[in-house]
Asker: 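One structure, pasted below without further comment.
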Amino acid sequence: MEEPAEETVAGRSELGDAGEERAHEMSATDGEDSRVPAAPDVTYDATLLEQHQSETTAKEKAVRFKEEVTGLEEDPPIARGEEDKKEKEEEEKDEWMDILGTGDLKKKVVRDGGGVETRPTPLSRVRIRTKGQLDNGAVVDRHSSIPFTLGDGDVLQAWDLSVSLMEVGELALVRTSPRFAYGRQGRTPDIPANASITYELELLDVQPPVDYATVTEQELTTLVDRKRIRGNELFQRKDYELAVNSYDKALKLIDSYTGEHESEELPPAISDMHVRCLNNLAAAYLKVERYKESQETCQKVLEKEPENVKALFRYGKVLAIRGDLSEAVKHLQKALELNPDERAIQVELQKAQKKKDRVEKEEREMYRRMVSNPPKSTGRAENPRHSLWKRLIQGPVPYLAVAAVVGIAGIAIAYYWTQT
C-alpha cells in the first residue's frame, strides 16, 4: 500500500506578498531618475529596518526572561524533531494490536469489516486474500483467494490467529516473527531462514463448520486433500510434529464422515485419500520416533492393501528398529519384489539382513560356549555347612568386614583427637 506523497510548500520571503509588491514598486520607476532612490523611499527602508531590529530585540528579551524564570533553555529544533518522532511512534504503537502479548504477532486494522457478529468461530470455513512482504521489500504469498478451516492447522499460524480476530470485509496488516511464519528453515527459494513478514490480509467470506451428515464426496475429498498437502509442506520443512497433526486431522475428517455413513463403504476417491494419509502419517511417526504408532498405522494400510509398497517398506523398517528382524526382512523382501528398482528398499533390506545375521551369529556362539563348557561336578554331594560358608565368603561378608574395620578405625581416630 502506497504512502501518500508529502506536499512540499515553497518558502516565501519574510515580507510576504505585500513586501513583494512593495519591492516591485521600489524597483519599477520610470526614466533615468529611477537609478537614484527618492528620499521618502530611503526613509521607509530605514524605518522598516528599525522596526525589524526592535522586534528581534523584544523576542530575545522574552527568551532571556523565560530562561531566568524557568531555568530552562528553549528547545532546539533537533530536540523538537525528536519529540515529534516519539509522539508519532507512540501513536503508531497504539494502532497495532499485540495479539499474543509477546510482540511476535501484531495486527492493525486498515479498513473496518461488517461488525463483530461477522467474525468467524473455530472450525469455520473461511476465505482470505493475502499479500506478504519481506523486510527487503520482496513480495511473497500473494493469493487472491485461499480457503481453509479456521484453527485446524491448514495455513500459517500467523494467518490462523489473526483471522480469528477479523470481521468479514476487514482489511488488516499483520506483522509476524519467523516463529509464526516459516521459522528457521524458511521456504526455498523465496523466503530466507528466520524471516519476519508483513502481510496484508482481507477476510472475504465465512461459512459454518462442515456438516458431515450432508457433506458431499467432492467437498470431503477437497477438505482431506487440503490437510494432506499441508502435512506434506510441514514434512518437507522438517516440522514433523505439525505434519503428524495435519495428517491426523485429515484422517479424523474421514472417520467423522464414516460415522455418519456407517452402512456405506467409502467412495473410491475418499478410500484412496485415506490410504495416502495413513502412509504419510506412518512416515511422520517414524521421524519423531513414535515407532509403535508407526507400526500400527502401517498395519491399517496393509489390511486394506496387502501389496502397498510404501506400507511394506515402512513396516519392515519399523520392525527392524523394534528388534523383530525376521519379520522385518520378510516384509522388506516382499516390497523389493514388487518394486525391485527402489534403492531405499535395497539399502534398508541389506541393513536388516546384516543385523539379523549378526544377532543369529551371537546367539549361536553363546549356545556353543554353553555346550562346550558345562559346569564341573565332583560327583559327590557338597556338605551344606561348607556350601553355606562358601556362599558367605563369596557373598557380602568380606565387604561387611572391611566396612566394620573402617568404621572402628574412624571412631578411634576421632576419639584420639578429642582427647589431645
Side-chain angles (χ1 to χ4, degrees), residues 97 99-100 105 107 109-132 140-174 176 180-182 197 199-235 239 242-261 264 266-267 269-274 276-277 280-281:
M97 174 196 296
I99 294 177
L100 302 174
L105 186 63
K107 170 180 172 286
V109 176
V110 177
R111 184 185 67 217
D112 292 331
V116 178
E117 64 277 5
T118 66
R119 284 185 178 180
T121 57
L123 301 183
S124 294
R125 290 171 291 170
V126 301
R127 283 192 308 111
I128 63 172
R129 179 181 66 79
T130 68
K131 178 184 175 183
V140 297
D141 288 335
R142 188 169 191 166
H143 305 283
S144 59
S145 177
I146 289 187
F148 65 94
T149 301
L150 186 65
D152 222 21
D154 291 350
V155 293
L156 295 178
Q157 287 180 290
W159 297 359
D160 238 344
L161 294 169
S162 301
V163 171
S164 65
L165 302 173
M166 294 179 66
E167 305 164 0
V168 174
E170 179 182 324
L171 181 66
L173 292 179
V174 173
T176 177
F180 299 105
Y182 292 94
I197 308 176
Y199 283 104
E200 182 181 285
L201 302 181
E202 181 180 6
L203 181 55
L204 303 174
D205 184 43
V206 175
Q207 296 294 328
V210 177
D211 182 358
Y212 296 101
T214 60
V215 68
T216 66
E217 177 184 336
Q218 182 60 43
E219 288 174 336
L220 181 65
T221 303
T222 300
L223 290 170
V224 172
D225 198 40
R226 188 182 300 157
K227 296 188 184 303
R228 182 188 66 83
I229 292 172
R230 176 61 177 163
N232 292 349
E233 292 173 355
L234 294 166
F235 191 96
D239 288 337
L242 292 177
V244 166
N245 183 60
S246 290
Y247 296 138
D248 186 57
K249 287 185 176 180
L251 292 167
K252 285 179 179 177
L253 282 177
I254 297 175
D255 291 342
S256 298
Y257 177 86
T258 305
E260 294 290 340
H261 304 78
E264 302 178 16
L266 286 175
I270 298 178
S271 179
D272 177 67
M273 195 67 64
H274 188 226
R276 294 169 73 181
C277 289
N280 292 355
L281 180 60

Asker: State whether the side chain of Thr121 and the backbone N or O of Ser124 hold a donor-acceptor pair below 3.5 Å, judged by distance alone.
Answerer: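 No; zero donor-acceptor contacts below 3.5 Å.
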Asker: Please name the pair of heavy atoms, one in Val110 and one in Leu173, separated by the smallest distance, quoted to 0.1 Å.
Answerer: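 Distance-wise, the nearest heavy atoms are CG2-CG, 3.7 Å.
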Asker: First locate atom CD1 of Ile99, then atom CZ of Phe180, and finally report the distance between them rounded to the nearest 0.5 Å.
Answerer: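 So the CD1 of Ile99 and the CZ of Phe180 are separated by 9.5 Å.
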Asker: Quick one: are Ile229 and Asp225 in side-chain contact, heavy atoms under 4.5 Å?
Answerer: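 They are in side-chain contact.
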Asker: With a 4.5 Å cut-off on side-chain heavy atoms, are Val224 and Ile270 touching?
Answerer: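 Not in contact.
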Asker: Do Arg111 and Val109 come close enough that some side-chain heavy atom pair is under 4.5 Å?
Answerer: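 No; the side chains remain at least 4.5 Å from each other.
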Asker: Regarding Asp141 and Tyr182, do their side chains bring together a donor and an acceptor under 3.5 Å, going by distance alone?
Answerer: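 A donor-acceptor contact under 3.5 Å links the two side chains.
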Asker: Between Asp154 and Lys227, is the closest basic N to carboxylate O distance under 4.0 Å?
Answerer: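 Yes, this pair counts.
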Asker: Against Asp152, only a single residue in Lys249, Arg226, Arg125 fulfils side-chain hydrogen bond (donor to acceptor under 3.5 Å, both in side chains); can you say which?
Answerer: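 In the set Lys249, Arg226, Arg125, the residue that makes a side-chain hydrogen bond (donor to acceptor under 3.5 Å, both in side chains) with Asp152 is Lys249.
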Asker: Any donor and acceptor pair, going by atom type alone, linking the side chain of Tyr247 with main-chain N or O of Asn232 inside 3.5 Å?
Answerer: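 Answer holds: yes.
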Asker: Is there a side-chain contact between Leu242 and Phe235 in this structure, where contact means two heavy atoms from C-beta onward sitting under 4.5 Å apart?
Answerer: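 Not in contact.
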Asker: Between the side chain of Glu167 and the main-chain N/O of Thr118, is any donor-acceptor distance below 3.5 Å?
Answerer: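 Absent.
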Asker: Quick one: do the Ser144 and Arg129 side chains pair a donor with an acceptor below 3.5 Å?
Answerer: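 No - no donor-acceptor pair under 3.5 Å links their side chains.
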Asker: Could you pull out the closest heavy-atom pair between Pro120 and Val163, with the gap in Å?
Answerer: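 Reported closest heavy-atom pair: CG-O, 3.6 Å.
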Asker: Are Asp255 and Lys252 within salt-bridge range, i.e. N to O under 4.0 Å?
Answerer: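 No salt bridge links Asp255 with Lys252.
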Asker: Report yes if some heavy atom in the side chain of Val126 is under 4.5 Å from a heavy atom in the side chain of Asp205; otherwise report no.
Answerer: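 Result no, sub-4.5 Å side-chain heavy-atom pair not found.
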Asker: Using the salt bridge (Lys or Arg N to Asp or Glu O under 4.0 Å) rule, take Glu170 and Arg119 through it: C-alpha gap first, then chi angles, then the decisive distance, then the call.
Answerer: CA-CA 10 Å; Glu170 179 182 324; Arg119 284 185 178 180; 5.7 Å; no
Asker: Which atoms form the tightest heavy-atom contact between Pro209 and Pro122, and what is the distance?
Answerer: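 Looks like CG-O, 4.2 Å.
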Asker: Of the non-hydrogen atoms in Met166 and Leu201, which two are nearest, and what is the gap between them?
Answerer: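 In this case the closest contact between Met166 and Leu201 is CE-O, 3.6 Å.
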Asker: Working note: Tyr212 + Leu253, criterion side-chain contact (heavy atoms from CB on, under 4.5 Å); need CA distance, chi angles, decisive distance, verdict.
Answerer: CA-CA 8 Å; Tyr212 296 101; Leu253 282 177; 2.6 Å; yes
Asker: Which atom names give the shortest non-hydrogen contact between Gly153 and Ser246, and what distance separates them?
Answerer: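 Of all heavy-atom pairs spanning Gly153 and Ser246, the closest is O-OG, 3.9 Å.
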Asker: Taking all non-hydrogen atoms of both residues, which atom of Gly132 and which atom of Ile197 are closest, and how far apart?
Answerer: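 So the two residues come closest at CA-CG2, 4.1 Å.
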